[in-house]
Amino acid sequence: MITLTDVTRRFGSGSGQRVAVDRLSMTIAPGEVLGLLGPNGAGKTTTISMIVGLLRPSDGRITINVPGVAGELDPFDASAKSHLGIATQSVSLYDELSGKENLRLFGSLFSLSRSTLAARVEECLRLVGLTDRADDRVAAYSGGMKRRLNVAAALVHDPAIVLLDEPTAGVDPHSRHALFEIVRHLKSQGKTVIYSTHYMEEAQQLCDRVAIIDHGKLLALGPVDDLIRKHGGSSIVRIQRVNADAPDVTVTDDPLEALRRALSESERANVKSAAVQSPDLQAVFLTLTGRELRD
Ligand SMILES: Nc1ncnc2c1ncn2[C@@H]1O[C@H](COP(=O)(O)OP(=O)(O)O)[C@@H](O)[C@H]1O
Ligand SMILES: [Mg+2]
């Protein structure tokens with residue numbers, strides 16, 4: 001459905017040049033929820049911006065295939081726009097307009113009939129749980145409500161491909177849960193979803209496959225279970241030392257040895273707690289980068 005081939009994006013020039021996305025290649029299948037997982041600055045937003053045609057790659061190529069549309073589309077083709085819906089990382093809504101007026105405005109950018117637009121606006125408001133606040137000004141919405149409306153604005157024209165750039169950043173648990181349900185609903189409708197996050201648990205819970213990105217490079221791509229099997233090691237040992245802010249995390253095939261070392265006669269007094277856990281995406285990231293992915 002979407003193919004990235006050696007996509008690179010550089011910003012700036014000379015010694016100030018920065019490679020935000022570095023020879024990224026991957027294929028996103030129709031109907032899948034693909035997670036882009038990486039820390040701040042990994043290149044998630046830059047990648048998404050290139051897929052939706054907001055930013056041109058410096059090198060490489062992106063093609064989009066939409067069911068029922070002959071040939072490959074370039075994200076910059078005008079005809080690609082109606083198949084792509086994006087909820088940007090920074091909420092882009094009109095504060096002075098109501099929720100409903102915002103959706104009407106975003107929907108009016110596409111050539112929908114008046115009745116289709118009205119029906120889509122209602123449906124999207126319902127999907128994000130804002131029907132009873134539809135006529136309130138967005139300025140009066142909570143952060144989580146704005147996030148949900150921002151996602152609804154990406155869906156009004158019923159695109160086949162939906163890109164959500166850190167949709168849960170800083171939202172309350174209720175809105176976070178609602179956003180999860182929205183992604184599941186989109187998947188059940190056969191939409192292709194690209195979901196960027198720096199939260200492991202979200203990628204783990206929501207995504208069919210996860211692309212782990214760091215410094216603009218794709219480090220690993222696959223279903224969560226495969227990534228864990230391949231890169232997660234057999235156990236994680238977490239040692240919290242008395243004077244440390246964060247625990248020491250080790251990915252190991254020999255958790256007993258790691259515990260024995262941590263709890264040896266000379267070390268024991270410094271240890272507040274020790275735990276052995278089964279591997280998760282965090283262990284995968286640690287193995288691949290040598291660093292922890294923290295919030
Ligand atoms: N318009 C820009 N000009 C210069 N540098 C940029 C620009 N946009 C992003 N970058 C840089 O590119 C890198 C990747 O950024 P971004 O794609 O926003 O990462 P993420 O979304 O994963 O946090 C960062 O180092 C960022 O500072
Ligand atoms: Mg970003």
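Values below: all heavy atoms of this structure, side chains included; hydrogens, waters and symmetry mates excluded. This is a predicted model, so every value here is computed, not measured. Ligands are counted one by one from 1 in listed order, and the atoms in each one are counted from 1 as well.
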Salt-bridge present ([X], [Y]; N to O < 4.0 Å):
X	Y	value
Arg126	Glu123	no
Arg137	Glu101	no
Asp158	Lys191	yes
Asp6	Arg23	no

- Query: What do we get for Arg18 next to ligand 1 when only non-hydrogen atoms under 4.0 Å count, side chain, backbone, both or neither?
  - Reply: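 Near ligand 1, Arg18 shows its side chain, while the N, CA, C and O stay back.
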- Query: Given that the side chain starts at C-beta and the backbone is N, CA, C, O, which of these parts of Pro39 lies under 4.0 Å from ligand 1, counting heavy atoms, or is it both or neither?
  - Reply: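 Just the backbone.
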- Message: For ligand 1 and Gly41, I'd like to know whether there is a polar contact (N/O to N/O, distance under 3.5 Å).
- Response: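 There is such a contact, yes.
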What atoms of ligand 1 come closer than 4.0 angstrom to any heavy atom of [X]?
X	answer
Ala20	12 (O), 13 (C), 14 (C)
Asn40	23 (O)
Thr45	17 (O), 18 (O), 20 (P), 21 (O)

- Over all heavy atoms of both residues, which pair between Pro167 and Val151 is shortest? Give the atoms and the distance, please.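 Residues Pro167 and Val151, closest heavy atoms: CB-CG2, 4.4 Å.
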- Query: Using 30° and 60° as the class limits, which term best fits the ring planes of His157 and Phe110: parallel, tilted or perpendicular?
  - Reply: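 Taking Phe110 first and then His157, their aromatic rings lie parallel (interplane angle under 30°).
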- Examine Gln89 and say whether one of its N/O/S atoms is closer to the Mg ion (ligand 2) than 2.8 Å.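 Checking Gln89: at least one N, O or S atom is under 2.8 Å.
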- Give a yes or no on whether Thr46 keeps an N, O or S atom under 2.8 Å from the Mg ion (ligand 2).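 Under 2.8 Å: Thr46 has no N, O or S contact with the Mg ion (ligand 2).
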- Message: Would Lys81 and Phe76 count as a cation-pi pair here, with the cationic atom under 6.0 angstrom from the ring centre and within 45° of the axis?
- Response: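 Yes, a cation-pi geometry holds between Lys81 and Phe76.
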- Query: Would Arg176 count as a cation-pi partner of Tyr199, with NZ or CZ less than 6.0 Å from the six-membered ring centre and within 45° of the ring normal?
  - Reply: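 Yes - Arg176 lies over the ring of Tyr199, closer than 6.0 Å to its centre and within 45° of its axis.
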- Please report which non-hydrogen protein atom sits nearest to atom 1 (N) of ligand 1, along with the residue it belongs to and the distance in Å to one decimal place.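 Of every protein heavy atom, Phe11 CE2, 3.6 Å lies nearest to atom 1 (N) of ligand 1.
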- Gly43 touching ligand 1 at heavy-atom level, < 4.0 angstrom: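 Yes.
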- Heavy-atom distance to atom 15 (O) of ligand 1: which of Leu36, Thr46, Asp165, Val19 wins?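 Going through Leu36, Thr46, Asp165, Val19 one by one, Thr46 has the nearest heavy atom to atom 15 (O) of ligand 1.
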